[in-house]
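One structure below.
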Amino acid sequence: MKKDKHGVNLFDLQKKYNFSPEEVMDFSSNINPLGPSPKALSALRENVAMASVYPDPEYVDLLGEISRYAHVESEHLILGVGTTELIQDYIAYVKPERALLNSPCYSEYENELRRNGAEIFHYNLDYKENFAINVEEVIQLINEHDIGLYVLTNPNNPTGSILRRVEVERILQQTNVQLLIDETYVEFTDRSVYSSAPYAEKNPRMLVVRSTSKFFSTPGIRLGYGITSDEGALESIGGGQSLWGINIFAELMGKIMFHDEEYKDRTFNHIQKEKDRMISALESLDQLKVFPSFGNFVLVKIKEGHTAAELREFLLPRKIVIRDCSTFQNLDERFFRFCILTTEANTLLLEGIREFFSQEGAPAQN
């Protein structure tokens with residue numbers, strides 16, 4: 001089984017290339033380049049002394065803000081230390097005998113399912129079809145193999161493919177499967193079309209989880225949340241969480257950033273504009289196949305002659321880091337992924353890629 005590594009280790013680069021972490025243009029981690037909400041950061045700076053205060057053990061205000069943002073009732077929300085904790089706890093709660101994953105996808109799902117003894121089936125996404133998910137085929141697989149849990153990242157990482165909410169509803173209607181839907185990147189789409197949160201509030205056979213790490217650019221505060229109407233899951237996961245599990249600064253920033261409308265609009269517009277620009281520019285290179293994406297990242301395949309590892313090594317001295325996707329199941333050594341950063345950084349990445357493929361002496365694959 002291939003092991004997925006989660007982005008670049010800035011500390012390793014610092015040792016190898018003598019870079020400071022601030023110098024590195026990290027295109028591998030999929031984090032909003034605009035940084036956290038300015039309003040939330042301002043509140044954080046003004047309230048540093050709250051490090052000596054316990055958070056509200058019920059998190060009433062934080063849950064209220066998430067409720068308004070996600071358009072769900074507070075009683076259907078579960079807080080988590082990032083989405084990883086919620087994913088682990090839900091898989092342990094469902095404990096499926098058989099589970100279905102899209103392939104490729106985020107590797108932690110498979111790791112956690114194996115820890116819980118599940119037999120794992122893969123729905124292989126085809127690059128020739130732009131990694132699109134065929135709902136009829138998924139339904140057939142679920143029913144044919146009596147799948148207990150289908151784990152869906154929506155949009156999917158690393159492919160950027162997605163299912164609409166109505167397609168998720170078809171899966172629920174035509175199977176008996178439990179659904180774990182990871183909406184880490186859904187804020188980069190039209191949530192009214194693609195988010196399954198409204199179903200999670202009504203259908204107990206599903207849990208929707210969201211992170212604040214990517215869109216809200218706050219991986220350091222470790223805040224995530226889940227949405228479900230499954231009373232057993234609410235009790236098992238929410239009731240089993242430690243007292244004051246969400247730290248005071250995550251609570252403080254969370255109460256502000258979800259309703260910073262100017263920040264959210266600026267983030268969404270920047271990502272869409274720059275993603276369109278980057279895809280258009282890379283599609284002009286004959287050596288590359290660029291895939292459409294609903295995330296804040298783009299998957300690319302080098303058609304022939306070179307590997308993603310070679311491109312990555314070429315870019316590293318320029319303080320540019322892309323994701324070599326060869327560790328993802330169902331991808332090979334020619335796939336790489338990059339996320340959208342600032343306009344200036346994106347331009348430098350384009351220049352670096354063009355330079356790599358224009359080199360007469362660029363390393364070739366044997």
Side-chain angles (χ1 to χ4, degrees), residues 4 6 30-31 55 57-59 62-67 69-96 99-102 105-116 118 148-157 168 177-187 191 195-216 218-247 250-251 253-254 257-258:
D4 185 16
H6 312 307
N30 298 346
I31 296 171
E58 303 296 328
Y59 299 102
L62 175 59
L63 287 169
E65 288 302 328
I66 297 174
S67 170
Y69 173 72
H71 305 293
V72 298
E73 296 299 321
S74 295
E75 58 261 35
H76 295 136
L77 291 171
I78 309 171
L79 296 177
V81 183
T83 56
T84 300
E85 179 185 53
L86 296 170
I87 291 166
Q88 291 172 342
D89 289 349
Y90 189 68
I91 289 173
Y93 165 72
V94 175
K95 206 168 183 61
L100 177 65
L101 298 174
N102 294 325
C105 70
Y106 180 53
S107 68
E108 283 306 308
Y109 310 136
E110 181 161 353
N111 295 340
E112 200 58 36
L113 286 164
R114 290 193 184 282
R115 274 192 284 269
N116 282 272
L149 179 66
Y150 176 34
V151 183
L152 169 68
T153 317
N154 213 38
N156 187 46
N157 173 27
V168 171
V177 77
Q178 298 278 122
L179 276 175
L180 170 55
I181 303 181
D182 186 345
E183 291 191 345
T184 291
Y185 301 100
V186 78
E187 278 97 352
R191 286 188 294 155
S195 175
S196 295
Y199 294 152
E201 192 176 29
K202 298 174 182 177
N203 192 314
R205 284 195 287 123
M206 61 191 303
L207 171 71
V208 169
V209 296
R210 290 181 183 168
S211 167
T212 62
S213 296
K214 307 303 186 181
F215 185 87
F216 290 99
T218 55
I221 68 172
R222 308 309 306 140
L223 176 63
Y225 61 95
I227 305 164
T228 187
S229 56
D230 182 339
E231 293 296 332
L234 289 166
E235 177 60 29
S236 174
I237 300 173
Q241 291 175 333
S242 60
L243 186 66
W244 299 306
I246 307 300
N247 73 71
E251 179 191 27
M253 294 186 73
M257 64 189 182
F258 287 109

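These figures come from a predicted structure and were not determined experimentally.
When all heavy atoms of Met206 and Val208 are compared, the pair lying nearest together is CE-CG2, 4.2 Å. Summarising the geometry of Gly245 relative to Tyr59, their closest heavy-atom pair is N-OH, 3.4 Å, with the distance given to 0.1 Å. In terms of heavy atoms, Gly226 sits closest to Leu86 at N-CD1, 3.5 Å. Heavy atoms only, all atoms of each residue included: Glu201 and Ile227 are closest at N-CG2, 4.4 Å. Thr184 approaches Ser211 most closely through the heavy-atom pair OG1-CB, 3.9 Å. Between Pro219 and Ser213 the shortest heavy-atom distance is CA-OG, 3.4 Å.
Here Tyr106 contributes atom OH and Asn111 contributes atom CG; the two are 9.0 Å apart, rounded to the nearest 0.5 Å. The distance from the CH2 atom of Trp244 to the CD atom of Glu251 is 12.0 Å, given to the nearest 0.5 Å. Rounded to the nearest 0.5 angstrom, Leu223 CG and Phe258 CZ are separated by 5.5 Å. Taking OG1 from Thr83 and CG from Asp182, the interatomic distance works out to 5.0 Å, rounded to the nearest 0.5 Å. How far CG of Leu234 is from NE2 of His76: 7.0 Å, rounded to the nearest 0.5 Å. The structure places CD of Gln178 at 8.5 Å from CG of Asn203, a figure rounded to the nearest 0.5 Å.
Counting only N and O atoms by type, the side chains of Tyr109 and Thr153 include a donor and acceptor under 3.5 Å apart. In this model, a donor atom of one side chain and an acceptor atom of the other lie less than 3.5 Å apart for Glu187 and Tyr69. Between the side chains of Tyr185 and Asn156, no donor-acceptor pair of N or O atoms lies under 3.5 Å.
The main-chain N or O of Ser67 is never found under 3.5 Å from a side-chain atom of Ser74 such that the two would form a donor-acceptor pair. Of the possible donor and acceptor atoms, none in the side chain of Arg205 sits under 3.5 Å from a partner among the backbone N and O of Leu179. Judged by distance alone, with hydrogens and angles left aside, the side-chain atoms of Ser229 form a donor-acceptor pair with the main-chain N or O of Ala200 at under 3.5 Å.
Side-chain contact between Val209 and Leu180: present, with at least one pair of heavy atoms (C-beta onward) separated by less than 4.5 Å. Using a 4.5 Å cut-off on side-chain heavy atoms (C-beta onward), Val151 and Cys105 make no contact. Side-chain contact check for Tyr150 versus Ile181: every heavy-atom pair is 4.5 Å or farther apart. Taking the side chain as every heavy atom from C-beta outward, Asn157 and Asn30 approach each other to under 4.5 Å. Residues Leu113 and Leu101 meet the side-chain proximity criterion, which asks for heavy atoms closer than 4.5 Å. A heavy-atom distance below 4.5 Å is not found between the side chains of Val94 and Leu207.
A salt bridge between Glu110 and Arg114 is present, with a side-chain N of the basic residue lying under 4.0 Å from a carboxylate O of the acidic one.
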(Q) With side-chain contact (heavy atoms from CB on, under 4.5 Å) as the criterion, how do Ile87 and Glu108 come out once you've worked through the C-alpha distance, each side chain's angles and the decisive distance to 0.1 Å? (A) CA-CA 9 Å; Ile87 291 166; Glu108 283 306 308; over 6 Å; no

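Under the 6.0 Å distance and 45° angle rule, Arg210 does not count as a cation-pi partner of Phe215.
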